[in-house]
Amino acid sequence: MNRYFFKQDAVTLAKDLLGKMLVRKVEGRIINSLITETEAYVGPEDKGSHAYNNKRTKRTETMFKEGGHAYIYLIYGMYNCLNIVCSEKDKPEAVLIRAVEPLNEIEYIRMNRKIKSNKVEDLTNGPGKLCQALDIDTSLDGIDLLNNSVLYIQDNLSNHEIVASKRINIDYAGEYANKLWRFYIKGNKFISKK
DNA sequence: ATTGAGATTGACT
DNA sequence: GTCAATCTCAATA
């Protein structure tokens with residue numbers, strides 16, 4: 001992918017990222033997965049966003065980077081979430097990756113996840129789950145997806161229908177809690193919630 | 001210095 | 001359906 005792709009607005013990019021390949025290299029392995037579910041956080045006016053009102057903190061500073069960087073943060077003290085920063089520098093927009101469909105290295109992923117369920121979709125159908133599965137944590141926060149070899153996005157041909165729905169777990173966001181800014185691939189098993 | 005809550009998850013009743 | 005786990009950081013004092 002090129003820089004222009006990531007400089008789109010968050011809602012457009014959230015839809016365009018569906019079906020794209022997320023590549024993670026770790027411990028000599030190359031793990032390929034398809035992005036199946038995303039959420040858009042659109043900017044300073046979005047009460048659901050960490051950067052609401054242009055709030056700049058040590059954590060949110062990454063959201064103000066130019067499109068194409070990774071914004072990774074720790075939530076609830078135990079899970080990491082992966083976002084793709086988009087738009088221009090100093091415009092805090094990002095797309096949260098909520099679910100992926102792993103294509104290889106399933107046993108490595110299963111080992112990382114340490115869960116009882118043997119349903120393959122339980123391995124990566126949630127933002128915290130996929131970070132644990134792919135060994136993604138805050139040490140990768142702020143990296144440029146266009147200029148490193150351990151985490152990046154590859155173009156991929158995909159025929160799919162997109163479903164739009166309300167974002168998850170942002171009840172505090174007032175009228176922004178009802179925006180249809182969550183997108184997923186219709187019919188895919190790797191979805192966090194129906 | 002202390003407190004509170006979070007873009008979640010898995011285990012449990 | 002309920003709920004605790006666990007930690008960073010912002011808001012308050």
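No experiment lies behind these values; they were computed from the predicted model shown. Throughout, protein chains are lettered first and strands after them, A, B, ... in sequence-line order, and every chain is numbered starting at 1.
Side chains of A:Gln132 and A:Asn80: a donor-acceptor N/O pair is absent below 3.5 angstrom, by distance only. A donor-acceptor pair shorter than 3.5 Å cannot be found between the side chains of A:Tyr41 and A:His50.
Closest to the side chain of A:Ile115, out of B:dG10, C:dA11, B:dA11, is B:dG10. Comparing C:dT8, B:dA7, B:dG10 by their closest approach to the side chain of A:Lys129 singles out B:dG10. When the nucleotides B:dA11, C:dC7, B:dA7 are ranked by their closest atom to the side chain of A:Leu74, C:dC7 comes out on top.
Residue contacts for A:Gly48: at a heavy-atom cut-off of 4.0 Å it reaches a base atom on one of the strands shown. Here A:Arg113 lies in heavy-atom contact (under 4.0 Å) with sugar-phosphate atoms only.
Residue ring and base: A:Tyr41 counts as stacked with B:dA7 (centre distance below 5.5 Å, interplanar angle below 30°). Stacking here means ring centres nearer than 5.5 Å and ring planes tilted less than 30 degrees, and by that measure A:Tyr79 does not stack onto B:dT8.
Between A:Lys129 and A:Thr124 the shortest side-chain heavy-atom distance does not fall below 4.5 Å.
Residue A:Tyr73 places a side-chain atom within donor-acceptor reach of the base of B:dA7, judged by atom type and a 3.5 Å distance cut-off alone.
Residue A:Thr57 places no side-chain N or O under 4.0 Å from the OP1 or OP2 atom of C:dC9. An OP1 or OP2 oxygen of B:dG6 is reached within less than 4.0 angstrom by no side-chain nitrogen or oxygen of A:Arg59. Taking only side-chain nitrogens and oxygens, A:Asn169 never comes nearer than 4.0 Å to OP1 or OP2 of B:dA7.
Centroid-to-centroid, the aromatic rings of A:Phe6 and A:Tyr4 stay 6.0 Å apart or farther.
Sequence order on DNA chain B of the closest nucleotides to A:Asp122 and A:Ala51 puts A:Ala51 first from the 5' end.
A 3.5 Å limit on both hydrogen-bonding distances identifies C:dA5 as the Watson-Crick or G-U partner of B:dT8.
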